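Structure, as structure tokens:
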Amino acid sequence: MISQSPTLVPLHVSWKEAILAAIRSPQPEIVSGVLTALSKIESSDFDSHLRAIADDRTRPSLIRIKALAAVSHKKGPLSKKAFVLLKQLLSSGNLEGGRIEAATILAGIDLSEDQVLETVSLIQDAGPLELPILLNIFEGSRGTDTGLALVEALERSGSANVLLPAELKRMLLRYPLEVYKKAEPFVESLLEREGQREKRLAELESELEATEVSNGKAVFLSGKGACITCHKIGADGREVGPELSTIGSIRTGRDLLESILFPGLTLARDYEPYEIQTHDGQTLLGDIQRETADTVFLLDATAMAKPIARSSIKTIQPGSVSLMPAGLDMTMTKKELLDLVGYLDGLE
Ligand code: HEC
């Protein structure tokens, strides 16, 4: 559980009108921005407005959740209503980054011990981009029951292959030893798979001849492997990573497999990730989209340029890992992976 204590910002009267105007804005981005800001301000002046937003079913779920999160941090644990909404959003089919943002909100607010245990139910079906974020929720948890339930959920998860086995081990070792004992075979199997990636690449390459391109397209569109969350092909997907509409004309099947099995091995130009450490202990990874005198805009997997105040930044340096997680190849069947590569290879 990460506890983010709100920064105390003195609220000048003249701001209040501006904030109210932003809350009433018809543009979701503006409302979303002001809600993020309000969640960091110690003021109950807006609570009635925030609750009205949360109750408004015509608004996008994410906006409603953000409104609830902005109210509830002042009253201790996340309210039940916000928790239920977040859970709904996380298990929805939303491929537009909404699930990632819901996971980020959930990982960033105080949850009660019961809510931490309840979050275990979200682990099994979490996508490869949400899972690592959700695991932050368990950083502060020490209960044997929570630990054992978490291990079971991870074993059943289709996305656990994107987790770094060493990180996972470190985290599970914080629980009573019984928990790691249960997890050990699973963590070992992750480590082993990590070591066999070269061999897997060679095997897969030899099977690239007979792929079903139409099925590969369906795999991409279905959101499997989260490719569509970060890559654009034609009108589909989003541009967090390079557009892949004509990728087949510059890459061979083997190159493509390599990009998926070993992301960042050869970082595509213009996609050099940066790692930002903030004074309040967060580590953020993403591409720097633009900079101003006092703000850096970081583009992460949610595909929204996050403004980060320079004053909150401790260090900023080139990141050593790609924004594209390793292990995505293991979040789908071998046939799905081969068909996907066949499809990409044919895009010229
Ligand atoms: C979290 C975002 C993210 C996800 C999810 C993701 N990628 Fe990427 N991908 C990137 C980024 C960023 C790069 C460029 C930097 C690099 O090479 O690491 C990249 C690079 C690539 C490249 C190399 C492109 C080139 O020009 O050589 C290919 C191919 C690729 N991705 C395919 C995929 C496929 C297939 C999936 C799904 C299994 C996927 N990616 C999932 C972010 C992502």
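Keep in mind that what you see is a predicted model, and the values were worked out from it rather than measured. Counting convention: from 1, in listed order, for ligands and their atoms alike.
Taking backbone and side-chain atoms together, His231 has an N/O/S atom less than 2.8 Å away from atom 8 (Fe) of ligand 1. Among the backbone and side-chain atoms of Ser259, none of the N, O or S atoms lies under 2.8 Å from atom 8 (Fe) of ligand 1.
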Begin from the C-alpha positions of Thr278 and Asp280 and carry the test side-chain hydrogen bond (donor to acceptor under 3.5 Å, both in side chains) through to its verdict. CA-CA 5 Å; Thr278 61; Asp280 62 3; 2.6 Å; yes

Please lay out, stage by stage, how Leu154 and Leu150 fare under the test side-chain contact (heavy atoms from CB on, under 4.5 Å). CA-CA 6 Å; Leu154 286 170; Leu150 178 62; 4.2 Å; yes

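There is a side-chain donor-acceptor pair under 3.5 Å between Lys66 and Thr36.
Distances between N or O atoms of Lys224 and those of ligand 1 include no value under 3.5 Å. For the pair Ser322 and ligand 1, the shortest N or O to N or O distance falls below 3.5 Å.
For Asp255, no heavy-atom contact with ligand 1 is shorter than 4.0 Å. For Val341, no heavy-atom contact with ligand 1 is shorter than 4.0 Å.
A salt bridge links Glu167 to Arg170: one of the charged nitrogens lies within less than 4.0 Å of a carboxylate oxygen.
When Gly223, Gly319, Pro273, Pro242 are ranked by how near their heavy atoms come to atom 24 (C) of ligand 1, first place goes to Pro242.
Looking at heavy atoms from C-beta onward, Asp45 lies out of side-chain contact with Ile19 at the 4.5 angstrom threshold.
Each of the following atoms of ligand 1 lies closer than 4.0 Å to a heavy atom of Ala226: 5 (C). The distance from ligand 1 to the heavy atoms of Ile260 drops below 4.0 Å at these ligand atoms: 35 (C). Shown in contact with Ile247 at under 4.0 Å from a heavy atom are these atoms of ligand 1, numbered in order with element: 24 (C), 25 (C), 26 (O). Interface of Leu256 with ligand 1, defined as ligand atoms under 4.0 Å from a residue heavy atom, comprises 29 (C). In summary, the atoms of ligand 1 found under 4.0 Å from a heavy atom of Gly225, numbered by their order in the structure, are 37 (C), 38 (C).
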Please tabulate, for side-chain N and O atoms in residues 337-348, each donor-acceptor pair with protein atoms closer than 3.5 Å (sequence neighbours left out).
from, atom 1, to, atom 2, distance (Å)
Asp339, OD1, Glu212, N, 2.8
Asp339, OD2, Asn215, ND2, 2.7
Asp339, OD2, Lys335, NZ, 2.6

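Shown here for Ser159 and Pro128, the closest heavy-atom pair between the two residues is OG-N, 3.3 Å.
With sequence neighbours excluded, no residue forms a side chain to side chain donor-acceptor pair (under 3.5 Å) with Lys169.
Ligand 1 does not have Thr229 within reach: every non-hydrogen atom of the residue lies 4.0 Å or more from it.
Exactly one residue among Ile313, Ile308, Asp300 makes a side-chain contact (heavy atoms from CB on, under 4.5 Å) with Leu284. That residue is Ile308.
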